[in-house]
Amino acid sequence: MSESTDTTPVSEPAGAPEGAETSPPSSSSDAPLGPAGEKALTEWKQRARAAEKASREQAARLQELEDRDKSELQKATERAAKADARAAEAARRVAKAEIRALAAPQFADPSDAAAFLNVDELIGDDGDVDTKAVEKALADLLKRKPHLAKEQAPPSFDGGARTTATPPTDMNALIRQKAGLG
């Protein structure tokens, strides 16, 4: 095996050779692994990649064997269950987006509202988001945690409407006006 200079941290499998470093270097002041350590690290990385590949291949083969023995009804049932799970996840994402949209005018960070609310309670049996329930939950959340609300703008102490000042007159304009030229 060739030596590698890649020092990407990899968790060592059980049974690592003694003398090999078992924890990744935490700073640049750590001592380098040296040629023997680099060789051992490269070997363990290759073994880990090979084990992961073999595991994926075995899982695919197992799934193929299990699918071979299933009836069409079982296969269709599993596909339907996967589709239901994807639909439920999509409904959760839609609900979170709606919560953030409805919380934007009132909350300093609308994602806080989505984090504090139980999204599943706000989705109806048909998969639609209950907007009234979301609004009620947001109002209740603001009552319980007022620090999540946007800060109110300080009151304006403006004295009312302003009038624009007349432009200053210059001496030349006054002379032209009196002479009837302007």
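The structure presented is a predicted model; accordingly, all values stated were derived computationally and were not measured.
Panel note: side chain T42, backbone E38; a donor-acceptor pair is recorded below 3.5 Å. Of the possible polar contacts, none joining the K96 side chain to the S111 backbone as a donor-acceptor pair under 3.5 Å is found.
To the nearest 0.5 Å, atoms CD (Q177) and CG (N172) are separated by 12.5 Å. Annotation: the span from Q106 atom CD to L138 atom CG amounts to 6.5 Å, rounded to 0.5 Å. Taking NZ of K136 as the start and OG1 of T131 as the end, the distance is 15.0 Å to the nearest 0.5 Å. Atoms CZ and NE2, from F107 and H147 in turn, are 10.0 Å apart once rounded to the nearest 0.5 Å. Atoms CG and CD1, from L141 and I99 in turn, are 10.0 Å apart once rounded to the nearest 0.5 Å. The distance from the CG atom of D109 to the CZ atom of R100 is 10.0 Å, given to the nearest 0.5 Å.
Closest heavy-atom contact between P110 and A108: CD-O, 3.9 Å. Taking all atoms of both residues into account, the shortest heavy-atom contact from D120 to R92 is OD1-NE, 3.0 Å.
For R144, the side-chain hydrogen bond (donor to acceptor under 3.5 Å, both in side chains) partners are D140, not counting sequence neighbours.
Residue pairs meeting the side chain to side chain donor-acceptor pair (under 3.5 Å) criterion with at least one partner in residues 75-88, sequence neighbours excluded, are K70-E78.
Salt bridge present: E43 and R47 bring a charged side-chain N and a carboxylate O closer than 4.0 Å.
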Problem set entry | Criterion side-chain contact (heavy atoms from CB on, under 4.5 Å) on R49 and Q46, from CA distance to verdict | CA-CA 5 Å; R49 284 187 207 112; Q46 289 175 347; 4.1 Å; yes

For this session: In sequence, state the C-alpha distance, the side-chain angles, and the governing distance for L122 and D130, and then conclude on side-chain contact (heavy atoms from CB on, under 4.5 Å).
Result: CA-CA 6 Å; L122 304 172; D130 186 2; 5.7 Å; no

Problem set entry | Evaluation steps, side-chain contact (heavy atoms from CB on, under 4.5 Å), between V129 and V94 | CA-CA 8 Å; V129 180; V94 168; 4.1 Å; yes

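Within a 6.0 Å sphere centred on CD of E151, heavy atoms belonging to other residues, nucleotides or ligands number 12 at most.
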